[in-house]
Amino acid sequence: DLLVASQWNARLLEAATGRAVKVIFEGVDTSLFCPAPKSGLMDKDRFYVFSGGKVEFRKAQDLVLLAFRKFAEKRRDCVLVTAWHSPWPQFSAGFKGALPVALQTGADGRLDIQTWVQQNGINTQSFIDIGFTPNPLMPAVLREMDVCLQPSRAEACTNLPVKEAMACGVPVIAAVNTGMLDLLNDDNCIPLKKQSPVAGGNTAETQDLGESDVDEIVAALEFAYEQRARARQIGLNARDWLIANNRTWQSHARDLKAWILSLA
């Protein structure tokens with residue numbers, strides 16, 4: 001039997017194999033990732049935009065930088081906070097997507113995110129790279145954020161950085177495509193609905209992928225900046241939606257156990 005974590009993946013596999021596919025959605029630890037007051041350690045007069053996930057074409061960090069650069073031209077108090085490192089920097093080095101300058105590794109072998117961001121037009125005073133941060137410490141980071149930005153071109157499952165932000169009550173700006181269709185709606189996020197076909201590769205490689213519109217991303221950031229109370233309510237709606245729709249690790253483990261036992 002085949003097991004996947006999104007309806008999009010299930011449709012692709014069913015079409016390719018003719019076999020039935022079981023869908024069990026990813027979960028998030030809502031006992032760890034949950035709303036709580038800000039620590040007060042961050043400058044309360046700044047507006048913090050978080051983006052997470054390893055650097056790659058699929059995760060669309062190039063679109064994050066293009067949109068944030070444009071947003072920051074008007075909003076000088078904004079700060080982009082990224083968790084973009086991974087144990088495999090060699091697979092991210094050389095990526096530039098729609099940017100003029102590619103990401104490189106530093107002398108220490110780690111991704112030089114700081115230099116990459118600066119070379120692509122973002123002032124270092126408007127950027128924080130949090131490096132490798134253990135997952136149990138991420139709730140404390142997320143609670144300091146005003147919005148989470150994840151314009152992925154594709155998500156085979158859903159997107160754990162998005163779910164973790166949602167679970168903390170942080171409003172999320174995210175692309176409505178692929179596996180994210182199982183997670184996002186108009187009430188639990190600030191959706192990026194302008195999804196153009198992704199260029200490059202052959203049709204099979206880019207089937208259903210979505211290229212978010214940079215201007216729509218900027219408009220979403222402006223909404224989160226101008227309408228902070230409304231954005232905050234969207235974040236809290238998202239937390240409630242995750243619980244109501246059984247998107248917790250506890251639910252995931254229960255469903256996975258039941259599925260495995262059914263195969264015996």
Side-chain angles (χ1 to χ4, degrees), residues 35-53 55 59-85 96-101 103 111-131 133 137-152 159 161-162 164-166 168-175 184 188-194 212-236 238:
K38 295 178 182 290
S39 68
L41 295 176
M42 306 288 275
D43 185 346
K44 63 181 179 59
D45 295 322
R46 306 297 296 271
F47 181 82
Y48 295 94
V49 179
F50 175 80
S51 182
V55 176
K59 288 287 188 183
Q61 281 87 355
D62 53 326
L63 300 183
V64 171
L65 294 183
L66 288 171
F68 183 82
R69 184 177 67 189
K70 194 170 183 178
F71 176 63
E73 290 173 358
K74 179 180 179 182
R75 305 299 185 182
R76 300 300 179 88
D77 58 339
C78 64
V79 179
L80 177 63
V81 181
T82 65
W84 287 348
H85 290 273
K96 67 176 183 178
L99 295 168
V101 182
L103 174 61
L111 295 173
D112 191 352
I113 303 285
Q114 190 84 28
T115 297
W116 184 49
V117 169
Q118 185 177 17
Q119 289 175 334
N120 282 292
I122 294 175
N123 190 308
T124 55
Q125 300 301 313
S126 299
F127 177 72
I128 298 173
D129 169 18
I130 67 171
T133 302
L137 298 181
M138 284 306 299
V141 174
L142 288 169
R143 292 178 192 126
E144 302 300 312
M145 301 297 107
D146 293 289
V147 70
C148 173
L149 174 58
Q150 304 286 160
S152 297
N159 183 313
V162 166
E164 290 170 352
M166 293 170 75
C168 288
V170 178
V172 169
I173 299 168
L184 304 179
N188 68 13
C189 74
I190 305 170
L192 300 174
K193 295 183 177 181
K194 295 180 181 178
S212 294
D213 180 80
V214 170
D215 288 338
E216 186 183 25
I217 299 173
V218 174
L221 288 168
E222 283 289 339
F223 170 83
Y225 184 96
E226 289 283 357
Q227 306 289 333
R228 300 192 194 192
R230 288 178 62 189
R232 177 63 175 168
Q233 186 57 55
I234 289 171
L236 295 175

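The figures here come from the full heavy-atom set of this structure, side chains too, leaving out hydrogens, waters and symmetry mates.
Dense packing is recorded around CZ of Arg228, with more than 12 heavy atoms of other residues, nucleotides or ligands lying under 6.0 Å away.
Distance alone, capped at 3.5 Å, is enough to place a donor-acceptor pair between the Lys38 side chain and the Glu144 backbone. Using a distance-only test at 3.5 Å, with no hydrogens or angles considered, no donor-acceptor pair links the side chain of Gln61 to the main chain of Gly97. Side chain of Asp62 to backbone of Leu99: no donor-acceptor contact under 3.5 angstrom is found. Between the side chain of Arg232 and the backbone N or O of Gly169 there is at least one donor-acceptor pair closer than 3.5 Å. Looking only at distances, no side-chain donor or acceptor of Thr133 sits under 3.5 Å from a matching main-chain atom of Met138.
Counting heavy atoms from C-beta outward, Pro151 and Val64 have side chains that approach closer than 4.5 Å. Side-chain contact between Glu226 and Arg75: present, with at least one pair of heavy atoms (C-beta onward) separated by less than 4.5 Å. At least one side-chain heavy atom of Ser51 sits under 4.5 Å from a side-chain heavy atom of Gln150. For the pair Gln114/Asp112, a side-chain contact is recorded, criterion being any heavy-atom separation below 4.5 Å from C-beta on. Side chains of Thr124 and Val117 form no contact here, defined as non-hydrogen atoms less than 4.5 Å apart. In this structure the side chain of Pro191 never reaches within 4.5 angstrom of the side chain of Leu184, judged on heavy atoms. The side-chain heavy atoms of Leu149 and Ile217, taken from C-beta on, include a pair separated by under 4.5 Å. Annotation: side chain of Phe127 is in contact with side chain of Thr82 (closest heavy-atom distance under 4.5 Å).
Every side-chain contact (heavy atoms from CB on, under 4.5 Å) that Glu216 has, sequence neighbours left out, goes to Leu192, Lys193, Lys194, Asp213. Residues passing the ring pair (Phe, Tyr, Trp, His ring centres under 6.0 Å) test with Phe47 are Tyr225, sequence neighbours excluded.
Atoms OG and CZ, on Ser126 and Arg46 in that order, are 5.5 Å from each other to the nearest 0.5 Å. Atom NZ of Lys59 and atom CH2 of Trp84 lie 12.0 Å apart (nearest 0.5 Å). Separating the CZ atom in Arg69 from the CG atom in Asn123 is a distance of 13.0 Å, to the nearest 0.5 Å. Atoms CZ and CG, from Phe50 and Leu80 in turn, are 9.5 Å apart once rounded to the nearest 0.5 Å. For the atom pair CG (Asn120) and OG1 (Thr115), the distance works out to 11.0 Å, reported to the nearest 0.5 Å. Here the NZ atom belonging to Lys96 is positioned 14.0 Å from the CG atom belonging to Leu65, to the nearest 0.5 angstrom.
Across Ala224 and Ala231, no two heavy atoms sit closer than the pair CA-CB, 4.1 Å. Minimum heavy-atom separation, Leu111 to His85: O-CE1, 3.2 Å. Counting all heavy atoms, side chain and backbone alike, Ile130 lies closest to Ala83 at CD1-CB, 3.7 Å. The heavy-atom pair separating Trp116 from Leu103 by the smallest distance is NE1-N, 3.2 Å. Contact detail for Ile234 and Asn188: the closest heavy-atom pair is CG2-C, 3.7 Å. Nearest heavy-atom pair, Ala98 versus Leu66, reported as atom, atom and distance to 0.1 Å: CB-CD1, 3.8 Å.
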Before giving the answer on side chain to side chain contact (heavy atoms under 4.5 Å, CB included), spell out for Asp45 and Asp77 the whole-Å C-alpha distance, their side-chain angles and the decisive distance to 0.1 Å. CA-CA 7 Å; Asp45 295 322; Asp77 58 339; over 6 Å; no
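A salt bridge links Asp215 with Lys70; the closest basic N to acidic carboxylate O contact falls under 4.0 Å.
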